[in-house]
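We name chains A, B, ... by the order of the sequence lines, and we start the count at 1 in each one. Worth saying up front: this structure is predicted, and the values here are computed from it rather than measured.
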Amino acid sequence: MSSGDSYLSKRAGGMLIAPLFVLLLVFFVYPLLLTVWQSVYENGFTTRPYEELLTSTLFAKVLRTTFDISFTATMVSLFVGYPVALHLSRQPPGRRVFYLMLVMLPFWTSILVKSFALTVLLGHAGIVNQILGYLSGDTLHVTMVFNRFGAIVGMINYLLPFMILSILGSLLAQDPNLARAAQVMGAGAFRIFRKITLPLSMPGVIGGVIINFTLSIGMYITPALLGGRKDMMVANLVDFYTRQTLDWPLAAAIAVVLLVISGVLVALLGRVRGGSGTMGAMA
Amino acid sequence: MKKSFNLTRRSFNSGLAMAGIGLAAPAVFSKRAKAADKSITITSWGGEYHKRVQRIFIDPFTAETGIEVQIVDNGDMAKVKAQVLSNSVTWDVIDAPAAFATSGAKENLWEELDPSLTGMKGLLTEGNPFYMPYYLYSGGILWDTERTPDGKHPVDFAGFYDVEQFPGRRCMRSLAPETLEAALIADGVDPKDLYPLDVDRAFAKMDELKANVSKFAASTPEQVSSVAQDEADFSYSYYNRVKGAQEGGANLDFSFEQTNNSLDFFAIPKGSKNKEAAMQFIAFCLRPEVQMEWSLSGYYLPNNLEAIEMVKAKPEGTFLPDLNNGKNVVINPEWWGDNYTDVQKRYSEWIIT
């Protein structure tokens with residue numbers, strides 16, 4: 001972020017981002033404003049959609065589930081993703097590219113296909129349960145889909161690459177001399193990690209968490225296909241009001257509420273130490 | 001545009017692509033212009049369904065009238081509403097399940113139909129001023145023939161709810177229509193006394209079953225895949241879906257003993273520029289012989305009485321549910337039109353609690 005001014009004037013920088021700015025203005029900000037407008041205007045100003053949301057137990061429950069699931073999925077993704085990113089950062093560049101391709105692999109398959117594949121893999125008659133049954137003499141059987149576990153597994157499959165890439169970015173940006181200097185001064189491997197590597201990777205961690213969380217709260221098809229009856233997400237409700245009952249003001253109001261809540265959360269996270277410059281690590 | 005003659009492979013390829021677009025564009029435009037008054041666009045539901053609409057409705061219709069028909073898949077109500085509100089209607093006939101047809105009428109999204117359609121005689125269910133019923137699809141009980149051979153599986157709604165006699169995991173729809181009807185029938189309501197639905201009684205009955213439901217299917221294919229993949233033992237689904245899975249090698253079967261029969265409709269979005277041709281198309285699809293073909297291809301109940309007799313006369317026509325046997329249900333779209341939002345909200349809430 002800070003190095004930008006050194007070789008580009010403000011004006012030139014502005015010129016470079018202008019096309020993107022215009023694009024976002026037309027295709028993001030304008031529709032967003034329309035959505036906000038739709039939530040407060042039906043033949044005159046109204047607060048009907050918001051009043052309905054406030055009194056809706058369905059909405060309250062689903063909102064809560066959405067945040068529960070999103071939080072869990074993000075945390076699991078962080079704890080699984082960090083070691084992977086760490087390992088990747090210590091590979092020679094050639095091998096790292098190969099491993100990175102493996103990380104990106106889930107992106108090459110449609111979410112729908114992946115979800116059905118996961119039910120085949122983890123289901124009642126799935127491969128994992130068959131192996132468990134074989135090893136335990138048909139006594140052990142674990143229900144892994146159509147419950148919270150299944151929803152989280154399906155989401156992680158999608159979320160992990162974002163987490164890994166984000167953390168990897170800030171691991172690779174670290175000066176290796178810092179760790180070397182610490183080693184010379186007698187610090188052990190764990191101490192180096194705790195005092196140098198981990199704190200310096202925080203921008204990547206926070207960036208990954210923000211991206212994972214915002215992606216999670218908008219998720220829809222994966223929890224619907226792999227989750228249980230209680231794992232309904234807010235996006236499903238938006239879909240219900242948009243397509244099934246054609247109550248667009250209410251759907252818009254849900255979107256606005258979700259946007260405000262996640263906006264506040266992201267802003268709070270961004271204030272955590274190391275949070276500034278987060279987006280730089282993403283690129 | 002012209003940069004240099006130093007042609008790399010990439011610039012050559014992109015140039016080729018541009019040339020391709022340039023060459024193809026006039027063809028596309030002229031075709032459209034020529035077809036403007038002689039073509040309609042209808043919505044459909046993809047896959048096999050799309051292919052059957054093409055073969056049974058569109059090909060003979062175009063051959064007879066010269067009117068070309070384009071199919072767009074998954075034309076849902078939100079898109080119809082967006083087209084009507086923005087005054088840019090490009091679809092002329094919508095294949096609308098009951099909830100679409102009635103909510104569209106409420107939102108004033110449909111053109112009024114010709115009296116020749118609304119006054120059409122010899123139909124099982126007569127036309128409404130805004131939407132035209134053209135067939136019924138039957139939903140009933142589905143099971144795996146190996147895990148639960150005859151005698152071990154339910155064949156009707158009472159059996160579906162009887163966990164003593166038929167122990168096993170159930171898969172239910174995540175939508176309320178058809179689901180509440182099945183619950184009420186299971187609780188002993190006579191099919192002819194169903195409407196207006198006793199919603200509280202239906203929920204009380206479903207409460208009894210809830211602990212035995214392993215899956216609420218978010219989509220229709222899941223109703224079948226849940227049983228095929230051993231995630232549920234019995235499910236509510238549709239015969240043509242089961243038939244597809246059978247042909248794919250799954251050991252599934254379906255009972256016509258007791259079914260919910262739901263109407264499917266055609267409607268014309270307000271502001272369609274090809275209204276006349278659209279009405280013509282709808283009338284064509286309601287002809288007895290066309291209805292018979294449609295019925296046989298997808299195991300549907302035709303809305304044309306003559307077609308029903310024709311299907312019955314066929315050896316393969318045994319799948320037709322007998323609507324007068326006192327067990328089969330015809331879903332009432334008007335009741336759901338008035339109550340869908342509230343009841344579905346309650347049902348969604350019931351599912352997640």
Check your understanding: In terms of heavy-atom contacts, does CE of A:Met75 have more than 12 from other residues, nucleotides or ligands at under 6.0 Å?
Key -> yes

Check your understanding: Between A:Tyr241 and chain B, which part of the residue has a heavy atom less than 4.5 Å away: side chain, backbone, both or neither?
Key -> side chain

Exercise for review: Please look at B:Lys215 and chain A and tell me whether the side chain, the backbone, both or neither of the residue comes under 4.5 angstrom of a heavy atom of that chain.
Suggested key: side chain

Exercise for review: Determine whether more than 12 heavy atoms belonging to other residues, nucleotides or ligands lie under 6.0 Å from atom CZ of A:Phe107.
Suggested key: yes

Check your understanding: Any chance CZ of B:Phe203 has more than 12 other-residue heavy atoms, nucleotides or ligands included, within less than 6.0 Å?
Key -> yes

Review point. Does any N or O in the side chain of A:Lys61 come within less than 3.5 Å of the main-chain N or O of B:Ile352, such that one atom is a donor and the other an acceptor?
Key: no

Check your understanding: For atom CZ of B:Arg147, is the number of surrounding heavy atoms from other residues, nucleotides or ligands below 6.0 Å larger than 12?
Key -> yes

Study note, to complete from the structure: Heavy atoms of B:Trp350 and A:Arg229 approach each other most closely as O-NH1, 4.3 Å

Review point. How close do A:Arg243 and B:Asp76 get, heavy atom to heavy atom, and via which atoms?
Key: CD-OD2, 3.1 Å

Review point. Do any of residues 225-233 of chain B have a heavy atom less than 4.5 Å from a heavy atom of chain A, and if so, which, in residue order?
Key: B:Ser225, B:Gln229, B:Asp230, B:Glu231

Exercise for review: For chain B, find which of A:Phe146, A:Trp248, A:Phe240 contributes the most heavy-atom pairs closer than 4.5 angstrom.
Suggested key: A:Trp248

Check your understanding: Who pairs with A:Arg96 by salt bridge (charged side-chain N to carboxylate O under 4.0 Å, His left out), at least two apart in sequence or on another chain?
Key -> none

Review point. Would the number of heavy atoms belonging to other residues, nucleotides or ligands and lying under 6.0 Å from NZ of B:Lys152 be above 12?
Key: no

Review point. Side chain, backbone, both or neither: which part of A:Leu237 has a non-hydrogen atom closer than 4.5 Å to chain B?
Key: neither

Study note, to complete from the structure: Of all heavy-atom pairs linking B:Ala78 and A:Thr242, the shortest is CB-O, 3.7 Å

Practice item. Give a yes or no on whether B:Asn74 atom CG has more than 12 heavy-atom contacts from other residues, nucleotides or ligands under 6.0 Å away. Key: yes

Check your understanding: Which one of B:Arg346, B:Lys106, B:Glu107 has the most heavy-atom pairs closer than 4.5 Å to chain A?
Key -> B:Glu107

Revision key, fill the gap. For A:Leu246 and B:Lys81 the tightest heavy-atom approach is O-NZ, 3.0 Å

